[in-house]
Amino acid sequence: MQRDYFNDVYDVVRQVPLGRVTTYGAIARYLSLRAGARMVGWAMNSSHGLDVPAHRVVNRLGVLSGKNFFGHPTAMQELLEAEGITVNDDRVVAFDRLYWDPSEELTV
DNA sequence: CACTTGACTTTAA
DNA sequence: GTTAAAGCCAAGT
């Protein structure tokens, strides 16, 4: 079995509570990915068609870095707003409040 | 087969 | 405080 950490990433993202968001670095750190956060984003690129709420994953600044990859630039924002998350200027409002850390909620 | 790019993050100047 | 460079690994060209 190859390092299917893509699958691990998907699993973690799926466990993100509705109305919450997480960061690539948090996932990467939770999975101990030495690759860093980039591979998480790359994994998301392959998550198209899966039940992976990639719209809940943003960069550490709370910016919708991947909105451009959702087919439509506003799709990601629409999805977040549909979950009760306020998005302004492509950034998650109160990101610190909505930030969800897997290592905190999933327990170490 | 080698180089470039990439949905990132952190440290340094 | 803002801007620049380095670091990580994989996939595409």
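Order of the sequence lines sets the chain letters (A, B, ...), proteins ahead of strands, with each chain counted from 1.
- Distances were taken from every side-chain heavy atom of A/M44 (C-beta onward) to each of B/dT9, B/dA7, B/dG6; the shortest belongs to B/dA7.
- Atoms OH (A/Y99) and C1' (B/dT9) sit 12 Å apart, rounded to a whole Å.
- Between B/dA7, B/dT9, C/dA10, one nucleotide has an atom nearer to the side chain of A/Y5 than all others, and that is C/dA10.
- Summarising the geometry, the separation between CZ on A/R56 and P on B/dA7 is reported as 22 Å, rounded to the nearest angstrom.
- Taking only side-chain atoms of A/F70, from C-beta outward, the nucleotide of B/dA7, B/dT9, B/dG6 with the closest atom is B/dA7.
- In this structure B/dA7 sits in no base pair that meets the Watson-Crick or G-U test at under 3.5 Å.
- Atom pair A/N45:CG and B/dG6:P shows a separation of 12 Å (rounding to whole Å applied).
- Between the CG atom of A/D8 and the P atom of C/dC9 there is a distance of 17 Å, rounded to whole Å.
- Counting non-hydrogen atoms under 4.0 angstrom, A/A28 reaches nothing in the nucleic acid.
- The line from OH of A/Y30 to CD1 of A/I27 is 11.0 Å long, rounded to the nearest 0.5 Å.
- C/dA6 and B/dT4 have their P atoms separated by 14 Å, given to the nearest Å.
- At whole-Å resolution of the value, OH in A/Y24 and P in C/dC8 are 21 Å apart.
- Counting heavy atoms from C-beta outward, A/R91 and A/L61 have side chains that stay 4.5 Å or more apart.
- For the residue pair A/H72 / A/E78, no side-chain donor-acceptor distance below 3.5 Å is found, with atom types taken as modelled.
- In this structure, A/Y99 contributes its side chain and A/R60 its backbone to no donor-acceptor pair below 3.5 Å.
- Note on A/R29: every side-chain N or O is 4.0 Å or more away from OP1 and OP2 of B/dT9.
- Atom CH2 of A/W42 and atom C1' of B/dA7 are 9 Å apart (whole Å).
- Atom C1' of nucleotide B/dA7 and atom CZ of A/F6 are separated by 12 Å, given to the nearest angstrom.
- Looking at A/R29 and A/D101, their side chains come closer than 4.5 Å, going by heavy atoms from C-beta outward.
- Residue A/H48 is classed as a base contact, given a heavy-atom separation below 4.0 Å to a base.
- The nucleotide whose nearest atom lies closest to any side-chain atom of A/M39 is, among B/dG6, B/dA7, B/dT9, B/dG6.
- Across all strands, A/G66 comes closer than 4.0 Å to base atoms (heavy-atom distances).
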